[in-house]
Amino acid sequence: MSIQQGFIASCLSRAVVEALSKTLGVERKLLEEAFETGRLKVSKPPSKSMGDYSIALHYAFKTAGVKQGDWPALAGRIIEYLNSSSFRDECFISSVEFANGYLNFHIDFTRFSRRVIEAILTGEVEGRVRSVGGGRMVVVEHTSANPVHPLHVGSGRNSVIGDTFARILSKLGFNVNRRYYVNDMGRQVAFLVYGVSILREKGVKPPSDFKPDHWYGIVYALTNLVIEERGLLRKLKSAEAEFWASLSTLLSDQAVRSILPESVVHSLQGVLGKKAFNKDTVKLVREVEDVLKGFEQALSSNESYKSLKAKAESYLKLAGEYAKTQRLIRRLAIQAPEAYTAISSSIVDPEKALAEIRGLMKKCEEEDPAVLALFHEVSKSVIDGFRETLAKLNISFDEFDWESSREILSGAHEAVRELESKPFARREEGALLVDLDAAAEHSAFVRDLFHPDKPGKFIIERSDGTTLYVTRDIAYTIYKFRKTGAEVVYNVIASEQAREQKQVKAVLYLLGYEKEAENLFHFVYELVRLKGLRMSGRRGLYYTLDELVKDYYTVVSKIYYETGRVKGGEALSGEEASRVLEDLAVANARALLLSVEPFKVLTFDPGRLEEALYGSTILYSYVRLQSILRKLKGVEPLENLREIRAGALGLSWDGYEPSEVEEELIDLLADYERVLVSSYRDLKPNRVLEYALALSNTVNKFYESHRVMGEQRSEARAFREALVVAALTVMRELVDVLGFPHVRKI
RNA sequence: GGGCCCGUCGCCUAGCCAGGAUAGGGCGCCGGCCUUCUAAGCCGGAGGCCCGGGGUUCGAAUCCCCGCGGGCCCGCCA
C-alpha cells in the first residue's frame, strides 16, 4: 500500500534521502526524484508489529550497486544515521529496523498525536488545504442531460461526480464556477416539442401532481412510441399480406402438392380460409408452421416453402416488436391517459409526423426565432424539474447555458468563419469539413491528442449553412473560458463523447486557443447499468434520480422503525425523524452514485439498495462523534465547533500512550489532506467517500471500546476528547465535500 | 476494419499510473455481543492468487506482447 506524502511520510522521505545520500553516496537529487516518481515510497508494513511505516530499499540498493549480502551492513549504517540525526525527532520515530530489504519505522504516537491533533484543531490543515487552488478560477460543467425526460440514475452519476468534484476544488481553494449546458436544440427536443404541441392543440394541460420533467418524460416517450407503433403496424400489415400470398403460392405449387398429403393441404387451406375473419394472425401463422413442421426436410429445397418460412419469420418478429411497443405505450397510458389519447389520436401517419418533426428541427437549426423560443420554453420546464431534483441532493449551478442562446449560436457561426480559411478545412458538397488528419501533419498537439487513433474528419457546417452540435460546443467552450476568465475547464461528460471532446479540443487549439485547449479537461465517467432493466428515455424506461431517493427513503425508514431504537436513546419526533430519514436517503443516493471509480461502469440492483448504505454508515459515525461532545459539553457540537476546538487545544494529556485503535484513528486523520489533494489530481472523487468510510469504521471501533466521559484517567479522557474533536472537525469537512446533509441526530 | 475503457472472493469494490514482505474493504453467509457517550454498531469465522497464456525482473495484481470476455466510439445525430 502506497501512502505518498502525508504527515509523516514526507518527513520520512526527506530523512531517508539524507540517510541514503550519506551512506550510499547516491546523489541527493536522484533520490528526491526517486521519491517523486514513486520508485522509492513510504508504505505500510503488512503487520503492525513490524512497524507503522516502511520504505523498501531494494531499488536504492540496486541502483547503488549494493550486493544483497551487504544489505544488512549498509542498513545498519543507515539506521545509525537516522537515530543520531534530527530526523528522529522531527519525524516522530521511536525506532527503526531493517528486515527483508525494508526499513521499518515505529512511530512515537504520543508525540505524533499531539502534532496531528493540533494541526487539525488550529486550522493549520484547513489552511494548507485551501492554499492549493490559490483562488484560481475553474469551471466545472456537469450533468448537462438532454431536457426531454427526468434525470435518471445515469445522469445522476454525472451530477454527483461533478458536484463532488466541484466541492473538492472549492475546499482546495479554487474559485469554482458550476455550469449546466442545456441542449435545447436538435432531434430529441424536437420530438418532445412535437408531442407538446399536440397536447396544446387538444387542450391537455400538465397535471399539477406531476413534476414537469416527469410529465414531459412521458410525453416524449409517448410521442416516440406512438410514431414507432404506427410505423410497425404498417409494416406488420404488409408482412401479413405477404405471408398469406406466399401461403397461396405454396398451395398451388405442384411440387409441394406432390409431397404433402391431402389432409395437410386441406388443413392449410382451412387456415387460409380463416384469414378473412382473422382475430389472431400470430396464432394462424404458428398453426401453419406447426402443420408444416413434419415436412421440413422434404420441402427444404423448395423455393415456395423457403419463401413462406421467411415470411412467417419476419411476420412473427414484427408482431413481437409491435406487441412490445404496445406494452410500453400501455404502461405510459395508464400514467397519463389524457396525454395518450391526444397523442395517439393525432398521430395517424407516422411519415407525416416524422416529416413535421424534421420540419421543426430544420427551423430550429435555421434559428427561426419562434421555433427557438418554443424549444427553449419546453426545455425550460423540464429543467425546472431537474433543478428541484438536484436541489434535494444539494446540487446547484451558477449558470444554465442554453444552446439556443444568441451567444452560442453566433459564436458557432464565428467559429465556422474562422475555420473556413484554414488549410485543413474545406468544402465538400457544400458542407464545411474539418480534416484533422491533414491538421495533424503539422500539429503535434492534434496528433498526440488522438494517438494511436487517426484524428479523422468531421463536418462543422451543413451544406444548408446550419451548424451542428460539435460546432456549438466549440463556441460554448470558448464562451466558458471568456465569460468566466477561468484558467481551467472540466467537462464531466460520459465516455461515449470522448471523440467529440477531442474534436473540440483540437479545433480550439487550431483556432489559436492553445492555452485553453491545454486546460480543457474531459472528466470521463462511465454509464450506469441496472440489473434487470435496460434504460431508454425514448421508450420511457428509466430509473429516475427522484425514485432512487424515494426508494432509499423507504429502505432507511424500515431500518429506523424496525431495527433501530432498541437501546433507549431519545426517539426523534415524527417530523424530525422524517427530516433525518430524508437526509439519510440523500446521503445514501449520493454515496451510491459516487462509490465506483468514475471511468468504470457502475452496476447496481435497484432491488437491493439496502446493501449499499455508505451514506448511513458515514452519517451514523458523524452523529456518534457529535453525541459524545453534546453530552460532554452540553452544547450543540456543530454550532459551537470553533469554541470546542479552541477548548480542546488547551487540554493536556502528557505521557498518555494511545491504544492501537487510537493510533489508527490518528493515522487516518493525518491522511486527510493527502486524500483530498490526490482525489483532485487523479480525478477520483470516489476516494473521498472511501476515506470517509474508513474513518467512520475506525470511529465506530473507537466508540465501541473507548469511553470518553466515563474514563477515570484524566490524561486518557483529555486525549480522547481532543481526538473526538479532531475527528469531528475532519468529518464535518468530509460531509461537506460529499454534499451530505449535516445530520445531528439519528 | 480501426480506436478507447474495463475484467480482483458468490456479488460490489480498493490497490495498478510511479513493480517489492501475509491483495485491503463492503454486501451476502456462519457464530457471538445491548445495566455504562444511540447495536444503522462491535468482535470472531469461512471465502480470492488478482480473465487466460507468454515475456521483462532477484521479485508482477501492478510493466510489455498475444488472446478471451464485457462496455463504448468511428453520422451533413446529440
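Chain identifiers are assigned alphabetically (A, B, ...) following the order of the sequence lines, protein sequences preceding nucleic acid strands; residue numbering begins at 1 within each chain. This one's a predicted model, so the numbers in the text were calculated from it and none came from an experiment.
- Of the residues near RNA chain B, A:Val708 and A:Met185, the one whose nearest nucleotide (by heavy atom distance) lies more toward the 5' end is A:Val708.
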Pairs: protein N or O with nucleotides 6-12 of chain B N or O, under 3.5 Å:
residue: B:G7; atom: OP1; partner: A:Lys600; partner atom: NZ; Å: 3.0

Evaluation steps, salt bridge (charged side-chain N to carboxylate O under 4.0 Å, His left out), between A:Arg720 and A:Glu662: CA-CA 8 Å; A:Arg720 288 175 192 166; A:Glu662 286 167 335; 2.8 Å; yes
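- Using a 4.0 Å heavy-atom cutoff across all strands shown, A:Phe458 reaches no nucleic acid atom at all.
- If you take CD of A:Glu576 and P of B:U38, they are 15 Å apart, rounded to a whole angstrom.
- Both the sub-6.0 Å distance and the 45° axial angle are satisfied by A:Lys44 relative to the ring of A:Tyr53.
- Both A:Ser705 and A:His451 lie close to RNA chain B; mapped to their nearest nucleotides by heavy-atom distance, the more 5′-ward contact belongs to A:His451.
- Contacts of A:Arg630 with the nucleic acid, taken as non-hydrogen atoms under 4.0 Å apart, are absent.
- Distance from the side chain of A:Asn146 is smallest for B:A78 among the nucleotides B:U38, B:A40, B:A78.
- Using a 4.0 Å heavy-atom criterion, one finds that A:Phe450 contacts no nucleic acid atom at all.
- Atom P of nucleotide B:A39 and atom CG of A:Leu619 are separated by 16 Å, given to the nearest angstrom.
- Judged as a ring-ring contact (aromatic ring centres under 6.0 Å, His included), and not counting sequence neighbours, A:Tyr614 has no contacts.
- Rounded to an integer number of Å, the gap from CG of A:Leu632 to C1' of B:C37 is 9 Å.
- Annotation: A:Glu660, atom CD; neighbour count of heavy atoms from other residues, nucleotides and ligands within 6.0 Å does not exceed 12.
- Between A:Arg529 atom CZ and B:C72 atom P there is a gap of 6 Å when expressed in whole angstrom units.
- With both ends at atom P, the span from B:G47 to B:G67 equals 37 Å, rounded to whole Å.
- Residue-nucleotide stacking is not present for A:Tyr102 and B:G20, judged by a side-chain ring centre under 5.5 Å from the six-membered base ring centre and planes under 30° apart.
- In this structure, A:Leu693 atom CG and B:C27 atom P are separated by 10 Å, rounded to whole Å.
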Working for salt bridge (charged side-chain N to carboxylate O under 4.0 Å, His left out), residues A:Asp464 and A:Lys362: CA-CA 10 Å; A:Asp464 63 4; A:Lys362 183 106 171 71; 3.1 Å; yes
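- Counting non-hydrogen atoms of other residues, nucleotides and ligands closer than 6.0 Å to NZ of A:Lys454 gives a total of 12 or fewer.
- The side chain of A:Thr617 sits closest to B:G41 out of B:G3, B:C37, B:G41.
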Contact letters for nucleotides 55-65 of chain B, in which S counts primed atoms plus P, OP1 and OP2 and B counts the base, heavy atoms under 4.0 Å: ---B-------
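- If you check the side chains of A:Asn491 and A:Tyr181, you find no donor sitting under 3.5 Å from an acceptor.
- Taking the O4'-C1'-N9-C4 or O4'-C1'-N1-C2 dihedral as appropriate, B:C34 has a value within 90° of 0 and is therefore syn.
- Counted by atom type alone, A:Ser616 and A:Asn588 present one or more donor-acceptor pairs between their side chains at under 3.5 Å.
- In this pair, A:His58 and A:Tyr102 present their aromatic rings perpendicular. The plane angle is above 60°, beyond the 30 to 60° band.
- Within a 6.0 Å radius of NZ in A:Lys363, other residues, nucleotides and ligands contribute 12 heavy atoms or fewer.
- Comparing atom distances between the A:Gln497 side chain and each of B:A40, B:A78, B:U38 picks out B:A78 as nearest.
- In this structure, the side chain of A:Gln712 engages the main chain of A:Gly710 through a donor-acceptor pair within 3.5 Å.
- Of the candidates A:Ile493, A:Val492, A:Val504, A:Leu683, A:Ile493 is the only one forming a side chain to side chain contact (heavy atoms under 4.5 Å, CB included) with A:His522.
- Counting non-hydrogen atoms of other residues, nucleotides and ligands closer than 6.0 Å to CZ of A:Arg744 gives a total above 12.
- Within 4.0 Å of A:Leu584, counting heavy atoms only, lies at least one base atom of the nucleic acid.
- Note on A:Lys44: every side-chain N or O is 4.0 Å or more away from OP1 and OP2 of B:A23.
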Collect all protein-nucleotide pairs involving nucleotides 74-77 of chain B in which both atoms are nitrogen or oxygen and the distance is under 3.5 Å.
residue: B:C76; atom: O2; partner: A:Ser463; partner atom: N; Å: 3.0
residue: B:C76; atom: O2; partner: A:Ser463; partner atom: OG; Å: 3.2
residue: B:C76; atom: N3; partner: A:Ser463; partner atom: OG; Å: 3.0
residue: B:C76; atom: N4; partner: A:Glu429; partner atom: O; Å: 3.0
residue: B:C77; atom: OP2; partner: A:Arg462; partner atom: NE; Å: 2.8
residue: B:C77; atom: OP2; partner: A:Arg462; partner atom: NH2; Å: 2.6

Stepwise salt bridge (charged side-chain N to carboxylate O under 4.0 Å, His left out) check, A:Arg538 with A:Glu228: CA-CA 10 Å; A:Arg538 213 172 51 74; A:Glu228 193 179 310; 3.0 Å; yes
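- In this structure, A:Leu527 atom CG and B:C72 atom P are separated by 8 Å, rounded to whole Å.
- Regarding A:Glu704, its CD atom lies at a distance of 12 Å from the P atom of B:C34, rounded to whole Å.
- Ring planes of A:Phe98 and A:Phe61: perpendicular class, angle over 60° (limits at 30 and 60°).
- For A:Arg707, taking side-chain heavy atoms from C-beta onward, the closest of the listed nucleotides B:U36, B:U38, B:A40 is B:U36.
- Side-chain proximity of A:Met50 to B:A21, B:G41, B:G19: nearest is B:A21.
- A:Glu610 comes within contact range of no nucleotide atom at all, as no heavy-atom separation falls under 4.0 Å.
- A 6.0 Å sphere centred on NE2 of A:His742 holds more than 12 heavy atoms belonging to other residues, nucleotides or ligands.
- The backbone N or O of A:Leu433 sits nowhere less than 3.5 Å from a side-chain atom of A:Arg427 that would complete a donor-acceptor pair.
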Salt bridge (charged side-chain N to carboxylate O under 4.0 Å, His left out) assessment of A:Lys457 paired with A:Glu428: CA-CA 12 Å; A:Lys457 313 167 175 58; A:Glu428 240 173 48; over 6 Å; no
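- Nucleic acid contact for A:Asn104: base, since at least one base atom lies under 4.0 Å from a heavy atom of the residue.
- In RNA chain B, runs of at least 3 consecutive Watson-Crick or G-U pairs, each pair with both distances below 3.5 Å, span B:1-7 with B:68-74, B:10-13 with B:24-27, B:29-33 with B:41-45, B:51-55 with B:63-67.
- The residue A:Pro452 sits close only to the backbone: its heavy atoms come under 4.0 Å of sugar-phosphate atoms, none of a base.
- Looking only at distances, a side-chain donor or acceptor of A:Tyr180 sits under 3.5 Å from a matching main-chain atom of A:Ala145.
- Computed from coordinates, the A:Asn100 CG to B:G20 C1' distance equals 10 Å when rounded to whole Å.
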Could you list the protein-to-nucleotides 46-49 of chain B atom pairs, N/O on both sides, closer than 3.5 Å?
none

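- Listed candidates were B:U38, B:G70, B:C42. Nearest to the side chain of A:Ser627 is B:U38.
- The A:Pro46 side chain lies nearest to B:A21 when the options are B:A39, B:G19, B:A21.
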